[in-house]
Student: 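The structure's right below; bear with me while I get my questions together.
Letters A, B, ... mirror the listed sequences (proteins, then strands); counts begin at 1.
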Amino acid sequence: MNLNEVYQILYDEYGPQGWWPINNKYSKGDYSIPRNEKEEFEIILGAILTQSTSWKNVEKSLDILRKNKLIDRNKLEKIEETELAKLIKHSGYNNQKAKKIKEYLKFNKEITRETLLEIWGFGPETADSVLLYAYKKPIFVVDAYTKRIFSRLGVEGSYEELQNLFHTSLTKDYKLFNEYHALIVEHAKQHCKTQPLCESCCLKKICLFKS
DNA sequence: GGCCAGGCCGGTG
DNA sequence: CACCGGCATGGC
């Protein structure tokens, strides 16, 4: 199992993914996103809202925030947490997520993995998503899909162990990390589901999973 | 109608 | 350290 080989297979199968989606649009092959602070902030909001939640539901919340011109730190600071919770209810866990957004708005330290993890509601995946997709840092994002796909390929490990494997096996390039994580998500959605569709899977030749 | 979604927190053993 | 329940809503 070679991580570069897996990447090539997934890229050949699905092509560029255009992450992170801004305004519900995927700009495939364009790694200049975010282009400004507003896009950067939208990514951070999305990273919080998508915690254990499908992106479809997140889009609904982001649409509502956008219509109310609330993709804006200063404006979000002015509204009540309970009011914010109502606006984002479609993406689930809305009371917690409203608190998480408010906690993030208070954050005023130098942005590092360590300081982001101090924010209530920011675990490793959210912190790493912000570093990679909002700030273009070459930090690999591990998620439940990554763990599922690679455990079936024969690689088990904790968050940190898996991340370390990617960091040591791949060129530290944020564009590569951006695309790779997005391809993992797409592959997990299309084939490597809880109940996997192995017949049509592009990785079946190197996969250990047998149903 | 049940299962699952681009997690994290707080508590327990 | 590993595991668990709670958190909420909508798509399929």
Side-chain angles (χ1 to χ4, degrees), chain A residues 7 10 14 16-28 33-34 42-65 81-107 113-135 137 139-152 156-164 166 174 177-197 211:
Chain A
Y7 174 78
L10 293 176
Y14 302 108
Q17 298 300 301
W19 277 37
W20 189 281
I22 294 291
N23 199 4
N24 300 337
K25 198 170 102 250
Y26 294 82
S27 301
K28 299 187 176 181
I33 289 167
E42 180 173 332
I43 291 170
I44 295 166
L45 291 176
I48 295 170
L49 293 175
T50 197
Q51 290 177 358
S52 195
T53 300
S54 64
W55 187 255
K56 292 267 182 199
N57 288 6
V58 175
E59 282 182 347
K60 294 174 188 297
S61 292
L62 288 176
D63 284 342
I64 289 170
L65 293 176
E81 189 173 308
T82 52
E83 183 61 26
L84 176 56
K86 289 176 192 165
L87 293 166
I88 62 171
K89 78 179 176 71
H90 294 297
S91 43
Y93 304 135
N94 52 321
N95 296 313
Q96 285 200 344
K97 286 174 180 173
K99 181 180 175 186
K100 291 174 183 184
I101 290 168
K102 284 293 190 180
E103 290 294 319
Y104 169 74
L105 290 171
K106 292 185 208 163
F107 178 73
R113 190 171 199 267
E114 290 68 34
T115 58
L116 286 174
L117 287 172
E118 292 171 8
I119 304 170
W120 187 89
F122 273 59
E125 188 187 337
T126 307
D128 290 339
S129 293
V130 167
L131 290 167
L132 176 62
Y133 289 106
Y135 295 109
K137 305 289 184 191
I139 310 285
F140 203 89
V141 177
V142 176
D143 65 350
Y145 290 153
T146 312
K147 290 184 180 174
R148 183 160 79 208
I149 292 172
F150 285 89
S151 74
R152 288 171 176 170
E156 305 271 1
S158 67
Y159 189 102
E160 309 290 340
E161 287 167 341
L162 276 175
Q163 185 180 58
N164 192 48
F166 282 90
Y174 85 88
F177 287 9
N178 170 323
E179 202 63 81
Y180 206 155
H181 175 71
L183 286 165
I184 285 170
V185 172
E186 189 62 17
H187 182 60
K189 284 179 176 171
Q190 291 201 27
H191 294 95
C192 204
K193 310 175 180 198
T194 308
Q195 299 296 324
L197 304 175
S211 54

Student: So, does Tyr14(A) use its side chain to make a donor-acceptor pair with the main chain of Glu186(A) at under 3.5 Å?
Tutor: no
Student: Any side-chain N or O of Arg148(A) less than 4.0 Å from the OP1 or OP2 oxygen of dC4(B)?
Tutor: no
Student: CD1 of Ile149(A) versus P of dA5(B): gap in Å, rounded?
Tutor: 12 Å
Student: Between Trp120(A) and Ala47(A), just flag the one whose closest nucleotide in DNA chain B comes earlier from the 5' side.
Tutor: Ala47(A)
Student: Hey, is the main chain of Lys28(A) close enough, under 3.5 Å, to the side chain of Gln17(A) for a donor-acceptor pair?
Tutor: no
Student: Please report the distance, rounded to the nearest Å, between NZ in Lys147(A) and C1' in dA2(C).
Tutor: 12 Å
Student: Expressed as a whole number of Å, how far does the P atom of dG5(C) sit from that of dC3(B)?
Tutor: 15 Å
Student: Find the distance Lys60(A):NZ to dA5(B):C1' and express it as a whole number of Å.
Tutor: 14 Å
Student: Applying a 4.0 Å non-hydrogen cut-off, can you work out what Tyr104(A) is touching in the nucleic acid: base, sugar-phosphate, or nothing?
Tutor: nothing
Student: Only one of Lys100(A), Lys97(A), Gln96(A) passes side chain to side chain donor-acceptor pair (under 3.5 Å) with Gln51(A); say which it is.
Tutor: Lys100(A)
Student: What is the separation between atom OH on Tyr93(A) and atom C1' on dC4(B), rounded to the nearest whole Å?
Tutor: 10 Å
Student: For Ile184(A) and dA5(B), what is the distance between atoms CD1 and P respectively, to the nearest whole Å?
Tutor: 15 Å
Student: To the side chain of Thr194(A), which of dG10(C), dA5(B), dG7(B) is closest?
Tutor: dA5(B)
Student: Taking the nucleotide of DNA chain B with the nearest heavy atom to each, does Lys56(A) or Lys99(A) sit closer to the 5' end?
Tutor: Lys56(A)
Student: In whole Å, I'd like the distance from the CG atom of Asn95(A) to the P atom of dC8(B).
Tutor: 19 Å
Student: Are any of Trp55(A)'s side-chain N or O atoms less than 4.0 Å away from OP1 or OP2 of dG11(C)?
Tutor: no
Student: Round to a whole Å and report the spacing from CD of Glu125(A) to C1' of dA5(B).
Tutor: 12 Å
Student: What is the distance, to the nearest angstrom, from the CG atom on Asn57(A) to the P atom on dA8(C)?
Tutor: 14 Å
Student: Provide the distance between the two P atoms, one in dC4(C) and one in dC4(B), to the nearest whole Å.
Tutor: 16 Å
Student: Please work out which of the three classes, parallel, tilted or perpendicular, describes the rings of His181(A) and Trp19(A), given edges at 30° and 60°.
Tutor: perpendicular
Student: Reckon His90(A) has a side-chain N or O less than 4.0 Å from the OP1 or OP2 of dT9(C)?
Tutor: no
Student: Are Tyr174(A) and Tyr133(A) close enough that their ring centres sit under 6.0 Å apart?
Tutor: no
Student: Using only side-chain N and O atoms of Ser91(A), determine if any of them is under 4.0 Å from OP1 or OP2 of dG10(C).
Tutor: no
